[in-house]
Each structure stands twice: as C-alpha cells, then as structure tokens.
Amino acid sequence: MSDAASEKNTELMEKIVSLCKRRGFVFQSAEIYGGLNGCWDYGPLGAELKRNLKDYWWRKNVQEREDILGLDGSILTHQDVLKASGHVGGFSDPMCDCLLSKARLRADQIPAQSGTAYWYSGASHEESGWYVEREYAVLLQEGQDENKARKTARQYYAQFLTDKRISPKKLELAGEKTEEIKESTRFNPENGSLLTEPREFNLMFKTHVGASADDGDESAVAYLRPETAQSIFSQFKNVMDSNRIKLPFGIAQIGKSFRNEINPRNYTFRSREFEQMEIEFFCRPEDGMQLTDDWLELRLKFYEEIGIPREHLHILDVPDGERAHYSKKTYDIEYEFPFGIQELEGVAYRTDYDLSKHQEHSKKPLAVFDEDTKEKLIPHVVEPSAGCDRTVLALICEAFDEETVTDEKGKEEVRTVMRFSPRMAPIKVGVMPLLKNKPELVEKAREIQAMLTPFMTVFYDETAAIGRRYRRQDEVGTPFCVTVDFETLGESGDELKDTVTLRHRDSMEQERIAISELRAYLLDQIA
RNA sequence: GCGGGUAUAGCUUAGUGGUAAAGCUCCAGCCUUCCAAGCUGGCCACGUGAGUUCGAUUCUCACUACCCGCUCCA
C-alpha cells in the first residue's frame with residue numbers, strides 16, 4: 001500500500017470509528033475510566049447488528065441442517081482440557097528480550113555460553129551532566145577484547161540519552177566489574193548483551209475456581225477458554241450419546257473466547273475478548289480433504305448472503321509449514337479491511353488430532369462405531385471457525401459509504417450511508433409521520449409502528465424535517481422508511497387512502513405502497 | 001514488546017500560564033406537505049495522577065487509552 005493510500009485508509013477507518021461511536025455501534029470499554037486495552041462494547045445498534053449476524057449464522061448452520069447440532073459450553077475451562085489440547089504448556093514459551101537490540105528470543109533456544117561478564121552500574125556524560133543508573137552486563141568470549149564490552153555497554157546506555165547528538169563514545173561507564181560465567185543463558189549469543197529475565201507469554205487468562213481458593217492452589221486453576229472448540233471436543237461423546245446421529249455430522253457453537261493478546265490492534269479486530277462462531281464437522285478420514293473444500297464454498301456463500309461480496313474476500317491456502325502441525329489443509333478467508341487484508345475465518349482440516357488427544361488424556365473412549373465398515377474409528381474433523389466481531393467489523397466497513405448528492409439548488413453535500421444488507425441492518429424500517437403537529441398523521445404512524453414491531457426492529461421518528469429524518473436513518477443503515485402523509489388519510493381521494501411513502505435507502509427513491517401490503521413486503525425484503 | 005504520534009463538548013476542530021471558542025449533532029418550543037430548511041432557547045469539554053507556579057487545559061514527569069510503523073498472533 002502506498003503512503004497516500006495508507007493515509008486515505010487511515011482516514012476512512014477514523015470516519016468509521018467516529019460514526020460507530022456517534023451512532024452507538026461500538027464504544028470503548030470502560031471509557032469513562034480511561035478505557036480498557038483491547039476491549040470494546042457494542043452499543044444499541046452494534047448489539048442489533050451482531051445479533052443479526054449470530055442469528056443468521058445459527059439458523060443457516062444449525063436450525064436449517066439436520067446434520068449439525070448446537071452447543072453452548074462454559075467459558076471457564078478445566079485446566080486438563082487445555083492441557084490435552086496443548087494450550088497449557090505448549091504455547092507458553094518463556095521469552096527473553098535483548099536489552100540492546102530488542103530482539104526477542106525463546107529462552108529454551110538460547111545456547112548456554114561461558115566467558116567473562118563485564119558488569120556496569122550506569123553511565124554519565126560529563127559535559128552535559130547527564131547520567132543514568134541502570135545495571136547492565138556484556139558477556140565476552142575468551143580472547144575477545146575488553147573494549148568490545150565497553151563499546152557495547154556505551155551503545156546500550158546511549159539509548160537513554162535525551163540529547164541524541166551526544167555520541168555514545170563520549171559516555172563514561174560506571175562501576176565496571178567482571179565475573180566469570182559458566183553455561184549461562186542470560187546473554188544474547190548475537191552480541192553478548194544481557195537479556196531480560198525469561199517471561200511467560202501464555203496468552204490465556206488464568207483464574208481460580210472457588211471463592212476461597214488461593215493463588216497457590218494449583219488444583220483450583222481454570223482458564224477462560226481461548227477458543228470455543230475445546231468444549232465441543234470434550235463434549236463430543238455426550239452429544240453423540242444423547243442424539244441419534246451418525247457420521248458425518250457437526251457440532252456448532254457461538255460464544256466468547258479470550259486471549260491475552262500482547263498487542264491488540266485495529267479497532268475491534270484483535271480484541272482480548274472476542275466471540276467465535278465455530279463448527280466442528282466430524283467425518284471419516286477419507287472425506288476430510290473434500291469436506292474442507294466444500295466448507296470453504298459454503299462459508300464464502302454465507303458471506304455473500306450477509307452482504308460481503310466475494311470480490312472483497314481473499315482465500316489463502318495456508319502453505320505447508322505455516323499450518324498448525326496437526327492440520328492437513330487450512331484455508332483462511334480474508335477480508336479487505338481499510339487497515340489491510342486480514343483473516344475473518346479459518347477453515348481447517350484438523351484430522352483426528354483433537355479427539356485423539358482428549359481420548360488419551362481423559363482415558364475415555366471417543367471412537368465411533370462405523371456401521372458401514374464395522375470398525376471403530378476416531379472421527380476426523382473439519383473446522384470452519386469464524387470471528388464474529390471481525391465479521392461485524394467487516395459488515396460495518398463494507399457498509400460505510402459517503403456519497404455526494406446535489407440538491408435542486410445545485411448545492412453539493414455528502415450523504416453518509418451505511419449500506420447494510422436488509423438482512424443484517426440493525427433497524428429494518430423507520431416509521432414517521434410527515435408532520436408531528438398533525439395528530440392524525442402521528443396516530444396513523446403509531447398504528448403502523450405497532451403493526452410492524454412484532455416482526456422486525458422498527459424505529460419511530462417524528463422530530464425535525466422529514467429529510468433530516470431520512471438522513472439519520474441512512475447513517476445507521478436502515479434500508480426502508482415509511483412516511484404517513486395527508487394522502488394516507490384520504491385527502492387526495494380514495495385511491496391513495498391507506499397508502500404510504502416507502503423510501504429506499506440506497507437509491508433514495510420513493511414509491512407508494514398500501515399499508516396492508518407493508519408487512520409482507522418488508523418481511524420478504526429482510527428475510 | 002519496541003519506536004513515533006495524539007488526547008479540548010456526542011462529533012469535527014480553534015485557542016490560552018489568569019473565568020475556554022466555534023460549526024455540526026442532540027434536546028425543548030415555534031414553524032414546517034418528502035431528502036441534514038428557518039427562528040428562539042438549552043445541555044455539554046481541556047484523558048488520569050503528580051510536579052513547577054500566586055495561578056496549569058497550556059510547561060515537566062508518570063500513567064492510561066487510541067492511532068501509525070516494526071514485532072507478535074498458539
């Protein structure tokens with residue numbers, strides 16, 4: 001992306017963020033207390049939008065399918081589940097940072113070194129009176145010049161200089177002392193610089209179950225789940241036993257997951273608390289590869305149905321070496337966000353890795369008896385795992401549009417319009433009397449509101465001029481507005497009596513429709 | 001995690017070491033017959049905490065959050 005394009009996209013993103021706050025789609029979590037890093041709240045319209053997405057996903061993937069069952073697992077997760085899955089232990093490598101180069105190294109991969117460590121307590125610059133007190137050390141291998149240690153140390157201390165014109169060479173080192181070191185992993189093999197203490201980078205939120213449990217009680221440890229998938233795998237047997245269902249079949253779940261991301265970024269895109277929409281689709285081993293392709297197509301179709309066109313999606317066939325070690329095939333479905341092309345969903349063929357691991361750790365049989373082949377097998381699994389909040393953000397980015405419109409006087413102005421598909425739009429229809437100081441109009445509009453409310457989200461508005469009300473609805477993406485005028489009341493004859501203006505968001509076109517046809521028409525449009 | 005930037009009303013922006021300004025939005029009233037009309041009035045802000053100072057929104061430091069670039073993303 002060129003600088004100019006990048007700047008334009010940053011501007012676009014800022015406009016989107018601003019609109020989301022102004023109209024109540026997304027707020028920063030705990031904003032009145034300064035905000036909580038990586039956490040966001042959905043306001044009234046965002047909550048509707050997200051609900052529409054989840055409801056549609058659930059309907060398409062669970063309710064309209066005989067071969068997929070729903071699950072709603074607990075967020076607090078037994079530590080053994082996550083030990084089996086590899087989330088505890090496997091992904092908590094201690095890391096060290098090089099104090100000089102800022103490089104990050106895995107502690108267990110640093111080769112042990114021996115030599116002479118040169119320790120310093122700080123540095124100063126006589127002319128300017130600047131000084132810093134900070135312990136630092138450089139490891140020299142046998143035969144290396146001790147001036148190398150001093151040069152490295154000066155470079156280290158120079159990064160604290162406020163006046164960058166001072167050369168590191170002019171610094172006086174303080175408190176030099178040496179120490180013989182044997183088999184130490186505290187130094188960077190690249191440059192001899194001291195490293196930070198090893199730090200755990202487990203990205204899971206840890207907690208203790210039971211009000212009286214103290215922090216030291218290891219048996220009380222539980223985690224907030226880092227993915228919804230594990231409760232599906234650990235409940236696999238119960239779901240099978242309680243439902244007469246045969247391979248292939250899936251278990252679907254929508255729910256919150258938590259990852260203590262080192263660096264949350266890009267608005268709600270990478271949050272510490274996020275919602276997933278996941279399916280684990282269990283199958284025979286020989287069907288895994290084909291099903292992965294089939295699911296990719298199904299998922300792409302889904303995005304199209306909610307208003308994210310195929311042209312704005314990218315399919316990444318994750319190459320060997322970049323996939324998780326147990327995955328034989330993975331597709332990432334990516335979307336062109338203003339801040340870059342980023343993943344919305346992963347469709348992964350995970351083989352029998354998960355169920356095998358849980359069988360091994362729980363010592364409970366998780367194999368299925370296959371009637372066709374008369375043998376027991378651990379099902380393989382294909383996992384379409386979608387980011388719910390990411391998809392909401394994609395819907396918002398995709399919908400956002402600024403259009404220049406020219407009024408009759410030739411005056412140009414910008415119309416901001418969220419072009420949500422009617423299916424996803426938080427508000428389906430705005431109902432308004434043309435004038436609020438004419439009780440007959442208000443009464444009729446209220447009747448229409450009451451008639452539609454049981455079937456869809458309706459927004460009643462009577463304040464300000466009609467044009468302003470239309471534009472307000474444009475900005476929140478309401479696809480239809482219905483206006484009651486004097487013709488509705490029969491002032492222009494019976495032909496127009498009990499008809500209303502139906503105004504379309506995208507084209508701003510208006511048509512006349514009978515009140516009696518309104519409900520069926522709108523329901524058809526938003527289904 | 002590193003480096004850089006930013007923080008004034010719901011939004012967008014002015015401004016100042018001495019009682020903080022505007023446009024839009026929003027609310028109320030009047031008026032108004034289909035695309036952000038007009039008039040009147042109203043609500044509402046210097047991110048948090050220290051320090052310097054007689055006095056700090058302004059200067060300094062720390063913290064927090066957000067943005068950008070790296071890094072990371074099981």
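The figures here come from the full heavy-atom set of this structure, side chains too, leaving out hydrogens, waters and symmetry mates. Order of the sequence lines fixes the chain letters, A, B, ..., with proteins taken first and strands second; residue numbering starts at 1 for each chain.
- With a cut-off of 3.5 Å on both Watson-Crick or G-U wobble distances, the partner of B:C54 is given as B:G18.
- For A:Thr501 against B:C34, a side-chain N or O and a base N or O form a donor-acceptor pair under 3.5 Å.
- Between A:Ile32 atom CD1 and B:A7 atom P there is a gap of 22 Å when expressed in whole angstrom units.
- Here the separation of B:G15 from B:U52, taken at their P atoms, is 30 Å to the nearest Å.
- Looking at heavy-atom distances under 4.0 Å, A:Arg469 makes no contact with the nucleic acid at all.
- The stretch residues 344-361 of chain A does not touch RNA chain B, since none of its heavy atoms comes less than 4.0 Å from the strand.
- Residue A:Arg468 places at least one side-chain N or O under 4.0 Å from the OP1 or OP2 atom of B:C26.
- In terms of modelled atom types and a separation under 3.5 Å, the side chain of A:Thr488 and the main chain of A:Thr499 share a donor-acceptor contact.
- Residue A:His87 holds its NE2 atom at 12.0 Å from CZ of A:Arg225, rounded to the nearest 0.5 Å.
- The stretch residues 470-483 of chain A touches RNA chain B through A:Tyr470, A:Arg471, A:Arg472, A:Glu475, A:Thr483, each having a heavy atom under 4.0 angstrom from the strand.
- Every residue meeting the side-chain contact (heavy atoms from CB on, under 4.5 Å) condition with A:Arg415, not counting sequence neighbours, appears here in chain and number order: A:Glu403, A:Val405, A:Val417, A:Arg419, A:Arg471, A:Asp474, A:Arg503, A:Met508.
- Going from the P atom of B:A7 to that of B:U48 covers 14 Å, rounded to whole Å.
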Strictly under 3.5 Å: I want the nitrogen or oxygen pairs between protein and nucleotides 39-42 of chain B, one per line.
none

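- Side chain of A:Glu487 to backbone of A:Ser492: no donor-acceptor contact under 3.5 angstrom is found.
- For A:Ile513 and B:C34, the CD1 to C1' distance is 17 Å, given to the nearest whole Å.
- Between the side chain of A:Thr292 and the backbone N or O of A:Gly288 there is at least one donor-acceptor pair closer than 3.5 Å.
- Note on A:Gly43: nothing from the nucleic acid sits closer than 4.0 angstrom, heavy atoms only.
- Between the side chain of A:Arg390 and the backbone N or O of A:Glu345, no donor-acceptor pair lies under 3.5 Å.
- The distance from atom CG of A:Asn263 to atom P of B:A65 is 12 Å, rounded to the nearest whole Å.
- The closest donor-acceptor contact from the side chain of A:Ser271 to the backbone of A:Cys39 lies at 3.5 Å or more, if one exists at all.
- Aromatic rings of A:Tyr267 and A:Trp40 (six-membered ring for Trp) have centroids within the 6.0 Å cut-off, being under it.
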I'd like a table of atom pairs between the protein and nucleotides 28-33 of chain B - only N or O on both sides, under 3.5 Å - with the distance next to each one.
residue : atom : partner  : partner atom : Å
B:U32   : O4   : A:Asn437 : OD1          : 3.4
B:U32   : O4   : A:Asn437 : ND2          : 3.2

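- Between A:Glu511 atom CD and B:C34 atom P the separation is 19 Å, expressed in whole Å.
- Judged by closest nucleotide on RNA chain B, A:Gly35 is the one of A:Gly35 and A:Arg390 placed further toward the 5' end.
- Looking only at distances, no side-chain donor or acceptor of A:Thr10 sits under 3.5 Å from a matching main-chain atom of A:Lys8.
- Judged purely by atom type and a 3.5 angstrom limit, A:Asp389 uses its side chain to pair as donor or acceptor with the backbone of A:Glu275.
- The salt bridge (Lys or Arg N to Asp or Glu O under 4.0 Å) contacts involving residues 328-338 of chain A comprise A:Asp317-A:Lys329, where partners must be two or more places apart or lie in separate chains.
- One finds a side-chain N or O of A:Asn37 lying less than 4.0 angstrom from the OP1 or OP2 phosphate oxygen of B:C66.
- Salt bridge A:Glu443/A:Arg446: absent, no basic N to carboxylate O contact under 4.0 Å.
- No engagement by A:Tyr33 is indicated, since no non-hydrogen atom pair under 4.0 Å with the nucleic acid exists.
- For RNA chain B, the neighbouring residues in residues 16-30 of chain A, judged by any heavy atom under 4.0 Å, are A:Ser18, A:Lys21, A:Arg22, A:Gln28.
- Applying the side-chain contact (heavy atoms from CB on, under 4.5 Å) test to A:Glu135 and every residue at least two apart in sequence or in another chain returns A:Trp119.
- Within 4.0 Å of A:Arg415, counting heavy atoms only, lies no atom of the nucleic acid at all.
- Legend: residues meeting ring pair (Phe, Tyr, Trp, His ring centres under 6.0 Å) with A:Phe269, ordered by chain and number and at least two apart, are A:Phe337, A:Phe339.
- The partner of B:C66, taking Watson-Crick or G-U wobble pairs whose two distances both stay under 3.5 Å, is B:G5.
- Evaluation of the ring pair (Phe, Tyr, Trp, His ring centres under 6.0 Å) rule for A:His312 yields no partner, not counting sequence neighbours.
- Shown here, B:C30 forms a base pair with B:G38; the pair counts as Watson-Crick or G-U wobble because both key distances fall under 3.5 Å.
- Taking a pair to require two hydrogen-bonding distances under 3.5 Å in either a Watson-Crick or a G-U wobble arrangement, B:G23 pairs with B:C11.
- Listed by chain and residue number, A:Ile427, A:Asp461, A:Gln473 satisfy the side-chain contact (heavy atoms from CB on, under 4.5 Å) test with A:Phe459 (two or more places apart in sequence, or in another chain).
- In this structure, the CD atom of A:Glu403 is 13 Å from the P atom of B:A36, given to the nearest Å.
- Atoms CD and CD, from A:Glu383 and A:Glu227 in turn, are 6.5 Å apart once rounded to the nearest 0.5 Å.
- By the ring pair (Phe, Tyr, Trp, His ring centres under 6.0 Å) test, A:Phe282 pairs with A:Phe236, A:Phe249, sequence neighbours left out.
- Rounded to a whole Å, the CG atom of A:Asp461 is 17 Å from the P atom of B:C34.
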